[in-house]
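Below is one structure. I have some questions about it.
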Amino acid sequence: MADIEPTRARRRALPLPAQVALVLQGGGALGSFQAGVIEALADAAVRIDWVAGISIGAVNAAIVAGNPPERRVERLRAFWEQMTMALPSFPIFPDDRVREFVHEWSAGFVAMAGVPGFFGPRFVPPFMAVPGSLDATSFYDSQPLADTLNQLIDWDLLNDGPIRLSVGAVDVESGNFHYFDTADERLDARHVMASGALPPGLPPIEIGGRWWWDGGLVSNTPLTHVLDHQQGETLVFQVDLFAAAAERPRTIMDVLAREKEIRFSSRTRQVTDQLLRLRKERELTRRVLAKLPDALANDRDVKALAALAAEKPVSLVHIIYRANAWEGGSRDYEFSTRTMLEHWSAGQTAVDRTMENAELVAENLLTGRTAAFDPGR
């Protein structure tokens, strides 16, 4: 990790509320950006109480919850170094067009050969497999990921330790979205793999007699789950791997990249905007109810309305990956060492930018207001 180091800003401390949550979006190879964020938050002494993830975010989340604080970054680094070991840290090219060619070539290599410790191509193509079998439902075998997770995660600590873990997946038959949550049940490698079982590349994961697919098919952010089960004043770091806003596409590769950004980021933006709008409406309701005389305040219907409007404040900090010009539509499965290191470094820099504006974030926390903050804007 030493050949790319961000220019680190002087970090300021944040006042931490009763609960701090880390929300990790799906995005395949872009997940190394989240690893950089996690390392930088640890360096800034930000305590995480709850981590929730979708797809690759579920993998990073499980590694955090399943290791003691002093080993989390080490284990994350071991995971990402294994994911990228097949593709070396190639030289940095001065021309974006050349870099884009190497980027797409690397993604093509992954499509043919798979990713070590993650997934590999099936010996028999799914079109030739027995209908109804797992071999017939995907192009790759994801069993290597189970072995990797079992090597890097202490499942007893993950289930019984101080950090709550939530990972989202979709029931293949019903289409219903579900969160596997250590607050409700014991999790193992299957639950994490289910959250990242993106079809048709990866096979469904069977849990409790049901087949499960990648949670990103329904929602690419676990923010709703965290806020719906919020127990006190909460600071949320939402780490998104696809930006909602970007420049107009100029090439067909730009089109592929932009389509994927809109598809995955719009759900996150929609969920965030809707939740914050609802919270502002509840805040207005509470202010109006506070002005009522006692005779009305004790009315049964008014009390019922007050109960609906009651909530704990949340301060939401967006940390969003902004893609480079040379990253096209295959950026989520380009597992090269060079790109992984750059994503990791970008995650650290994004946290540094947040800490440069710590006073603004702290103001929201200290005043108990519900607010969203995007340091990248």
Side-chain angles (χ1 to χ4, degrees), residues 13-25 37-38 41-42 44-54 57-58 60-62 64-69 72 156-169 177-187 191-192 195 215 219 221-239 268 271-287 289-290 303-319 354 361-373:
L14 277 176
L16 300 180
Q19 188 171 68
V20 179
L22 181 62
V23 173
L24 304 176
Q25 191 185 68
V37 168
I38 292 167
L41 288 176
V46 174
R47 179 203 73 248
I48 303 298
D49 307 295
W50 187 355
V51 60
I54 300 289
N60 286 328
V64 169
N67 283 283
R72 288 170 190 162
D156 288 332
L157 176 62
L158 180 145
N159 285 287
D160 302 323
I163 295 184
R164 178 176 178 176
L165 173 67
S166 308
V167 297
F177 192 77
H178 176 74
Y179 279 98
F180 299 109
D181 196 315
T182 54
D184 305 317
E185 58 189 310
R186 295 190 70 82
L187 307 190
H191 301 88
V192 179
S195 183
S219 175
T221 177
L223 179 63
T224 302
H225 181 72
V226 170
L227 296 186
D228 284 348
H229 296 83
Q230 180 184 356
Q231 297 177 347
E233 183 181 0
T234 303
L235 169 61
V236 179
F237 290 95
Q238 178 170 301
V239 187
T268 301
V271 168
T272 302
D273 291 347
Q274 181 179 0
L275 289 170
L276 290 177
R277 182 170 60 251
L278 179 59
R279 283 174 173 263
K280 289 181 180 179
E281 292 172 355
R282 289 174 177 170
E283 183 179 350
L284 177 61
T285 301
R286 292 194 300 271
R287 291 204 305 268
L289 292 178
K303 286 184 176 181
L305 181 59
L308 290 175
E311 62 184 2
K312 301 293 184 181
V314 59
S315 189
L316 176 61
V317 178
H318 291 270
I319 301 177
T354 299
V361 180
E363 181 182 348
N364 292 335
L365 293 170
L366 296 174
T367 57
R369 294 190 303 124
T370 289
F373 177 68

Rounding to 0.5 Å, atoms OH (Y179) and CD (E185) come to a distance of 14.0 Å
Fill in: Closest heavy-atom pair and its distance - I54, G215
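Closest heavy-atom pair between I54 and G215: CG2-C, 3.8 Å.
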Of all heavy-atom pairs linking A61 and L24, the shortest is N-CD1, 3.9 Å
| message | Using side-chain contact (heavy atoms from CB on, under 4.5 Å), reason through V239 and H318 one step at a time and then give a plain yes or no. | response | CA-CA 6 Å; V239 187; H318 291 270; over 6 Å; no
- prompt: Can you check whether V314's main-chain N or O pairs, donor with acceptor, with T234's side chain at less than 3.5 Å?
  reply: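 It does not hold such a pair.
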Check your understanding: Do the side chain of H191 and the main chain of L187 share a donor and acceptor less than 3.5 angstrom apart?
Key -> no
Distance col, row L305:CG vs R286:CZ, nearest 0.5 angstrom, shows 11.0 Å
Residue set satisfying side-chain hydrogen bond (donor to acceptor under 3.5 Å, both in side chains) with R164, at least two apart, ordered chain then number -> D181
Correct closest heavy-atom pair for L289 and A306 would be CD1-CA, 3.6 Å
task: Measure the spacing between CZ of R282 and CG of L284 and express it to the nearest 0.5 Å.
output: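 R282 atom CZ to L284 atom CG measures 13.0 Å (nearest 0.5 Å).
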Between A58 and S195, the two heavy atoms sitting closest are CB-OG, 3.5 Å
query = Would you find a donor on one side and an acceptor on the other, under 3.5 Å apart, between the side chain of D49 and the backbone of I163?
reply = no
Can you find a heavy atom in the side chain of L223 that is under 4.5 Å from one in the side chain of L227?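 With C-beta onward as the side chain, the pair touches.
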| task | Of all the heavy-atom pairs spanning A169 and F180, show the shortest one and how long it is. | result |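 So the minimum-distance heavy-atom pair works out to CB-CE1, 3.9 Å.
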Rounded to the nearest 0.5 Å, how far apart are CD of Q231 and CD of Q19?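 Spacing of CD (Q231) from CD (Q19) equals 6.0 Å.
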Could you walk me through whether V317 and Q238 pass side-chain contact (heavy atoms from CB on, under 4.5 Å), step by step? CA-CA 6 Å; V317 178; Q238 178 170 301; over 6 Å; no
Member of V51, L22, I38 meeting the side-chain contact (heavy atoms from CB on, under 4.5 Å) criterion with F237 |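 That would be L22.
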Non-hydrogen atoms of V226 and A52 that approach each other most closely: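 Shortest heavy-atom separation between V226 and A52 comes out as CG2-CB, 3.9 Å.
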L165 versus V167: any side-chain heavy-atom pair under 4.5 Å? yes
query = Are V23 and T221 close enough that some pair of their side-chain heavy atoms sits under 4.5 Å apart?
reply = yes
Worksheet item: Going by the angle between their ring planes, with limits at 30° and 60°, are H229 and H225 parallel, tilted or perpendicular?
Response: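 If you compare the ring of H229 with that of H225, the planes turn out tilted.
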